[in-house]
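As a basis for the values below, the full set of heavy atoms in this structure was taken, side chains included, without hydrogen atoms, waters or symmetry mates.
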Amino acid sequence: MAKALVVHKDRLPQSQRMHRAAQYVRMSTDYQQYSIENQAAVIATYAQLHQLSIVRTYRDQGESGLKIENRQALTELIDDVRSGQADFTHLLVFDVSRWGRFQDVDESAHYEFICRKAGIKVAYCAEQFDNDGSLLSSIVKNIKRVMAAEFSRELSGKVHAGALRLAKLGFKMGGAAAYGLERRVVDDECRPKGVLGIGERKFLTTDRVKLGPGTEDQVQVVKWIFQEYLRGISQPAIARELNRRGVLTNRGRPWRQNLISTLLRNEAYIGNLIYNRDTEKLGTKRTHNPRELWVRSEGAIEPIVDRDVFVRASKALAERRVCVSEKEMLVRLRKVLLKKGKLSASIIDAASGLPSVSAYLVHFGTLRNIYRLIGYTGNQGYWDKLAAHKRWVDVQLENAVRLRDVFQESGRRATLDLANECLRIDNAVNICFRVANWRKYDGRPLRWTLVRRVRWPQGWVVALRLGENNKAILDYVLLPSTSLSFNGPLFWFSEESCAAQRIERFDTFGELSRVLIRRVNKELLMASTGRQKRPPVSVEN
């Protein structure tokens with residue numbers, strides 16, 4: 001059945017090539033192993049009966065139909081239709097529910113209307129009605145949309161009720177285990193079967209998951225955190241000490257103050273499992289539930305911390321919590337300014353009687369706005385540098401738009417993610433745009449820095465390199481993302497290190513873009529012909 005997704009243009013009769021169609025297939029969970037192949041088989045039969053040639057496939061795998069945000073293929077489909085790049089006149093979908101289980105049925109109709117307005121007919125291949133716009137088909141189609149949405153609501157209610165019942169019995173209902181705990185799989189008679197690692201899930205639906213103490217090293221770290229906090233050591237100081245020792249969280253990341261705070265408040269360390277603190281049904285915004293709706297299962301976990309220790313830590317947390325009005329927050333901040341003569345994030349966090357920086361940001365937005373409200377100009381040089389850097393970032397985004405337009409004009413599918421400053425070509429090649437800042441310190445050679453992202457997509461990096469004091473553009477550099485696979489938040493390079501780090505320079509963005517377009521097209525051609533795709537490397541122009 002998997003071959004139904006494969007398009008064989010060279011095997012189609014000439015008459016069928018005149019009727020081009022695309023297919024959209026979706027499955028909501030990984031458990032529906034053969035769902036997409038079954039959909040494709042029905043769609044292929046429909047296409048053959050109606051003399052349609054399937055020239056493109058949009059595929060969402062393991063994505064819920066409740067909303068469009070996480071459905072990349074449907075988003076690309078709508079973007080192609082809106083931009084006029086759709087090279088087909090029919091869109092084939094298995095049934096109404098595969099198009100989406102949108103809770104607002106008008107949203108489902110809206111996306112179909114976009115296609116119809118562009119001259120593309122949407123056909124639901126497994127339905128018993130022809131989507132021809134007639135009164136009967138419109139009535140049946142809207143009933144099907146309501147049924148699809150109602151199915152999700154009913155299923156969500158049943159699943160939630162079952163989860164509440166199992167949580168009362170002391171079973172872990174989804175989510176990762178806290179630091180110092182591990183997830184253990186048990187069968188329907190609570191006999192142990194194994195331990196789940198990060199990202200792993202139980203295999204059988206009849207199995208359940210219970211929490212228990214993790215490794216001895218992690219258990220000792222949890223006890224040490226509670227002891228240090230009761231000795232009067234602050235949460236940031238505890239996090240710094242753990243990072244200094246090289247102790248990582250269970251996700252392999254450094255410790256932060258908020259992680260220490262969450263750990264100190266977690267009742268799982270004294271054996272209590274709490275569920276239903278928050279609700280996020282049917283893709284809606286997460287909401288906090290009142291305490292009377294929480295499900296508490298006491299004694300469900302083997303305790304790590306003594307109850308007396310936990311109670312004393314909770315009391316200390318409550319006493320150190322600062323609850324004041326927004327007006328009082330600003331008054332206290334002015335007093336700290338008068339005492340210190342200046343303000344910064346570290347000064348605010350260290351000051352007694354003040355809420356944390358994160359609390360100020362939640363109430364007032366940016367630090368700059370907070371300073372403005374109390375009449376503090378701060379380090380004007382820093383704000384000027386920040387504004388200048390934003391201007392250079394805007395220049396790079398304009399370059400990204402120019403390059404996107406060039407790829408689109410050549411027939412490529414190019415999408416620009418402004419939040420990540422990344423251009424994606426044919427859903428295969430990534431091009432990230434950054435600014436390389438000029439850095440010169442006494443006694444050290446001239447270098448440039450790039451701010452590295454935690455999860456940098458593999459592909460190419462285009463950097464605008466600034467000249468002396470970051471006041472003007474020096475040139476542009478191009479490098480493969482693999483060159484940035486070093487530790488640390490900044491990537492440093494100099495003129496002497498460019499060759500070793502596979503960095504190429506260009507006087508103008510136009511020169512760089514011409515070379516980059518040739519290389520990207522070559523990569524995509526190699527991928528389409530089935531040859532093994534190698535990571536981008538520096539080659540001759």
Side-chain angles (χ1 to χ4, degrees), residues 56 72 76 79-80 83 85 87 392-437 447-466 473-486 490-541:
R56 182 168 296 180
Q72 184 176 356
E76 290 181 3
D79 289 343
D80 287 348
S83 62
Q85 295 185 23
D87 55 352
W392 299 127
V393 171
D394 291 340
V395 171
Q396 273 292 70
L397 291 179
E398 292 175 2
N399 291 331
V401 171
R402 289 166 52 193
L403 192 60
R404 180 199 62 186
D405 294 343
V406 172
F407 276 111
Q408 289 180 345
E409 290 171 1
S410 65
R412 297 290 185 187
R413 186 181 305 144
T415 56
L416 178 59
D417 184 352
L418 294 177
N420 294 317
E421 302 170 24
C422 183
L423 180 65
R424 188 165 178 80
I425 312 300
D426 280 2
N427 206 27
V429 179
N430 299 296
I431 305 172
C432 294
F433 292 80
R434 308 300 291 163
V435 175
N437 289 295
R447 293 188 294 177
W448 287 265
T449 59
L450 286 173
V451 178
R452 183 171 37 243
R453 292 191 179 276
V454 176
R455 297 179 180 176
W456 206 301
Q458 185 175 1
W460 297 95
V461 177
V462 175
L464 179 155
R465 185 160 62 157
L466 297 174
I473 299 175
L474 177 63
D475 55 20
Y476 289 85
V477 295
L478 175 67
L479 64 154
S481 60
T482 51
S483 293
L484 286 84
S485 57
F486 300 97
L490 296 178
F491 171 73
W492 297 77
F493 69 95
S494 62
E495 291 288 359
E496 292 74 16
S497 66
C498 282
Q501 295 168 326
R502 297 182 292 172
I503 300 175
E504 302 171 82
R505 65 165 301 276
F506 301 86
D507 291 329
T508 64
F509 179 76
E511 294 178 9
L512 183 149
S513 60
R514 285 190 291 272
V515 173
L516 183 57
I517 289 171
R518 287 200 298 270
R519 295 181 186 177
V520 170
N521 287 331
K522 183 178 179 180
E523 286 184 54
L524 295 173
L525 179 61
M526 292 174 61
S528 64
T529 55
R531 291 158 60 183
Q532 185 177 3
K533 185 178 177 182
R534 295 173 294 181
V537 297
S538 177
V539 298
E540 296 294 332
N541 294 346

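- The backbone N or O of D79 lies less than 3.5 Å from no partner atom in the side chain of Q85, so there is not a single donor-acceptor pair.
- The distance from atom CH2 of W448 to atom CD of E495, rounded to the nearest 0.5 Å, is 4.5 Å.
- In this structure, the side chains of L403 and I517 come closer than 4.5 Å at one or more pairs of heavy atoms.
- Inter-residue side-chain proximity for I425 and E523 is flagged as unmet; no heavy-atom pair is nearer than 4.5 Å.
- Here the closest heavy-atom approach between residue Q458 and residue N430 is recorded as O-ND2, 3.1 Å.
- A donor-acceptor contact closer than 3.5 angstrom is absent between the side chains of R447 and S497.
- By the 30° and 60° cut-offs, the orientation of the rings of F509 relative to F433 is tilted.
- In terms of heavy-atom proximity, A463 sits nearest to L450 at CB-CD2, 3.8 Å.
- Between R505 and D507 a salt bridge is recorded (basic side-chain N to carboxylate O distance below 4.0 Å).
- Considering CD1 of I473 and CG of L466, their distance stands at 7.0 Å, rounded to 0.5 Å.
- Shown here for F491 and S483, the closest heavy-atom pair between the two residues is CE1-O, 3.3 Å.
- When only modelled atom types and interatomic distance are considered, R518 and N521 share no side-chain donor-acceptor pair under 3.5 Å.
- Atom OG1 in T449 sits 5.5 Å away from atom CH2 in W492 (nearest 0.5 Å).
- Between the CG atom of D80 and the CZ atom of R413 there is a distance of 5.0 Å, given to the nearest 0.5 Å.
- Nearest heavy atom pair, residue L524 against residue V429, reads CD2-CG2, 3.7 Å.
- The CG atom of L423 sits 9.0 Å away from the CG atom of L516 when rounded to the nearest 0.5 Å.
- With a 4.5 Å cut-off on side-chain heavy atoms, R465 and I503 do not count as touching.
- When all heavy atoms of Q72 and R424 are compared, the closest pair comes out as NE2-NE, 4.4 Å.
- Between Q501 and L479, every side-chain heavy-atom pair lies at or beyond the 4.5 Å cut-off.
- Taking CZ from R412 and CG from D426, the interatomic distance works out to 5.0 Å, rounded to the nearest 0.5 Å.
- The minimum heavy-atom distance linking F407 with A414 is given by the pair CB-CB, 4.0 Å.
- Residues Q396 and R434 form no side-chain contact, since every pair of their non-hydrogen atoms from C-beta on lies 4.5 Å or further apart.
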